[in-house]
Chemist: 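The following block contains the structure, expressed as structure tokens.
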Amino acid sequence: GAWSLVAMEASELWVGFVGAGRMAGGLVRGLLQAGKVPASNILASAPSDKNLDAWRELGCRTTHCNLEVVHRSTLVFLATKPHILPGVLEEIRPAVGPHHIVVSLVAGVTIQTLQRLLPPWTKVLRIMPNLPCVVQAGAMVFSRGSNSGDEEAALLKSLLSSCGLCEEVPESYIDIHTGLSGSGVAYVYLFAEALAEGAVKMGMPGALASRIAAQTLLGAAKMLLETGEHPAKLRGDVCTPGGTTIYALHQLEKGALRATVMDAVEAATNRACDMAKD
Amino acid sequence: MSVGFIGAGQLAFALARGFTGGGGGGAGVLAAHKITASSPDTDLPTVSRLRKMGVNFTVSNKDTVKSSDVLFLAVKPPIIPFILEEVGPDIEARHIVVSCAAGVTISSIEKKLSTFCPTPKVIRCMTNTPVIVREGATVYATGTHADVEDGKLLEQLMASVGFCTEVEEDLIDAVTGLSGSGPAYAFTALDALADGGVKMGLPRRLAVRLGAQALLGAAKMLLESEQHPGQLKDNVCSPGGATIHALHFLESGGFRSLLINAVEASCIRTRELQHLADQEKISPAAIKKTLLDKVKLESPSLSVASAGKVSLFTNKSKKD
């Protein structure tokens with residue numbers, strides 16, 4: 001039937017997760033914390049109970065049967081490991097209907113592949129989240145397949161904006177997002193660790209240094225997002241002439257930090273592309 | 001108002017050209033015949049150019065002093081003490097003595113002149129060669145006896161050949177590192193950019209012209225924009241495009257840090273030279289032999305200390 005998804009109350013939406021690993025867990029926690037979907041409307045499947053215990057503790061329903069998830073959900077998230085997915089799609093394909101919205105979180109699996117392995121009229125979307133979705137500070141990009149329209153995109157965006165930044169993009173940006181933000185959180189962790197180590201070297205206790213390092217990153221990011229100023233301008237604002245900051249920045253420039261970071265984003269993006277081809 | 005230059009080299013020429021509007025920038029602020037320049041060395045290529053401009057040229061520094069209100073000391077730093085010794089007796093309270101010598105402090109000049117004139121008006125300035133095309137970058141610091149009006153007078157003169165602003169004297173070394181030496185960094189960059197163009201198939205002349213115009217245009221955009229250079233850079237970099245690929249190369253090479261290093265090195269060297277001068281440690285080898293000989297001819301009371309060291313800022317002359 002012609003349902004208006006956007007008009008549908010969130011509480012009427014039945015959401016399923018095939019695969020219950022870390023990424024899926026991050027999304028569901030974001031959904032639940034934002035109160036968009038009641039836990040009892042969420043059903044997750046996984047081969048073992050290892051991951052499912054945590055879901056039950058959240059109030060979600062769980063099963064070992066992927067087909068059951070598809071039967072009982074409208075919005076189905078695919079969150080398996082990449083090599084598992086083709087088999088799972090074979091399995092659930094008979095149960096997928098025109099009312100379903102299938103959203104894949106699976107790294108490296110293109111919309112083309114998804115559409116090939118599902119019925120031809122299936123509404124497919126592909127999303128790449130990142131880990132901080134767990135604390136509602138994620139960065140997610142998604143792309144729509146051939147049968148997904150504005151309604152599906154709007155639904156996904158409205159549901160997931162509770163987890164952080166959620167933007168629709170052309171599929172070609174998804175690998176770049178991996179390099180920038182998917183893997184990007186790891187670069188930030190590395191930077192935070194190094195900041196703290198510098199402080200420890202100069203005599204500060206480690207635990208305190210780590211907390212301050214994290215807060216520094218948080219605060220700087222918050223200022224970036226809230227002021228909308230160019231990072232170069234914000235950087236300049238902190239640099240008093242002949243002061244400590246400019247001395248430190250000179251060290252960073254000597255180490256070609258900028259180029260190294262660009263190299264990192266490039267490497268992760270290229271790797272994502274390569275893996276998708278496998 | 002008349003202007004005098006002790007020294008008739010690159011700096012004097014550049015400023016004279018700028019003041020008279022000869023740099024292709026329209027009407028100047030000063031007629032050429034109101035400018036006098038002097039140098040013992042008449043073979044300098046700039047001497048004939050100054051003459052052609054209509055500037056009064058003389059071999060007598062004393063004549064320059066007598067006919068000037070604003071007196072620019074446009075000689076190399078090690079020569080300054082000899083000049084001050086020579087023309088000191090002719091400096092009057094009305095003169096505004098402007099030193100453009102890198103690393104030479106106001107106090108060292110005032111100390112030297114005070115033996116001749118109790119309240120010498122001294123201004124120290126740091127400019128750069130593009131004054132020649134009236135796009136100079138100049139800063140100045142006023143000495144003990146220079147009034148606000150004296151500073152403003154100099155500022156008006158120098159503003160006619162580019163940007164000019166007053167600063168505290170302790171910033172002048174940093175200015176030297178940045179805009180004093182800056183044109184040299186730009187020339188180096190332009191040479192290399194042109195090489196890049198030539199490598200990719202452009203004729204040399206066109207490559208130089210386009211490179212220079214690119215830098216000129218970028219600088220103009222920055223000066224006329226409220227935006228941060230980082231933002232302006234972003235505006236040029238379309239995603240996945242040519243420019244961002246090129247910038248990545250620059251970053252990998254530590255381009256930014258090289259420029260920071262350069263400004264720092266020039267500033268530090270300026271301070272070193274000033275320190276050496278203050279300690280009277282500059283060797284005669286640092287001074288061009290011919291020029292020194294000519295200076296000695298003009299002022300037989302001066303002599304160079306033996307044992308390889310020049311006594312710069314004392315009035316005692318050791319006999320050879």
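In the text below, chain A, chain B and the rest are named by the order of the sequence lines, each starting its count at 1. Quick note: numbers below take in every heavy atom, side chains included, and nothing from hydrogens, waters or symmetry partners.
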Chemist: Could you tell me whether the side chain of N261(B) reaches within less than 4.5 Å of the side chain of H250(A), counting heavy atoms only?
Modeler: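 Yes; the side chains approach each other to less than 4.5 Å.
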
Chemist: Just wondering, are more than 12 heavy atoms of other shown residues or ligands nearer than 6.0 Å to CD in E135(B)?
Modeler: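 Check fails, neighbour count at 12 or below.
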
Chemist: Hey, could you give me the CE/OG distance between M262(A) and S252(B), rounded to the nearest 0.5 Å?
Modeler: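 If I round to the nearest 0.5 Å, the distance is 7.5 Å.
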
Chemist: How about K254(A): does its NZ atom have over 12 heavy atoms from other parts shown lying under 6.0 Å from it?
Modeler: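 Result for NZ/K254(A): enclosed.
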
Chemist: Under a 4.5 Å heavy-atom cut-off, does chain B meet the side chain of E266(A), its backbone, both or neither?
Modeler: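 Side chain only.
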
Chemist: Nearest 0.5 Å please: distance from the CG atom of L258(B) over to the CD atom of E253(A).
Modeler: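 Atom-to-atom, L258(B):CG and E253(A):CD are 10.5 Å apart.
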
Chemist: Could you tell me which residues in residues 172-194 of chain B have at least one non-hydrogen atom under 4.5 Å from a non-hydrogen atom of chain A, sorted by residue number?
Modeler: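 At a heavy-atom separation under 4.5 Å, chain A is reached by no residue of residues 172-194 of chain B.
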
Chemist: For R211(A), is the CZ atom crowded, meaning more than 12 foreign heavy atoms sit under 6.0 Å from it?
Modeler: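 Count not over threshold, so no.
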
Chemist: Determine which residues belonging to residues 218-249 of chain B lie within contact range of chain A, meaning some heavy atom pair is under 4.5 Å apart, and list them by number or answer 'none'.
Modeler: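 The stretch touches chain A at H228(B), G230(B), Q231(B), D234(B), I244(B), H248(B).
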
Chemist: Within the supplied structure, the quantity of interest is the number of heavy atoms (other residues, nucleotides, ligands) at a distance under 6.0 Å from Y187(A) OH; does it exceed 12?
Modeler: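 Counting neighbours around OH of Y187(A), more than 12 heavy atoms of other residues, nucleotides or ligands fall under 6.0 Å, so yes.
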
Chemist: Can you confirm whether Q112(A) is buried at CD, in the sense that more than 12 heavy atoms of other residues, nucleotides or ligands lie under 6.0 Å from that atom?
Modeler: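 Result for CD/Q112(A): open.
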
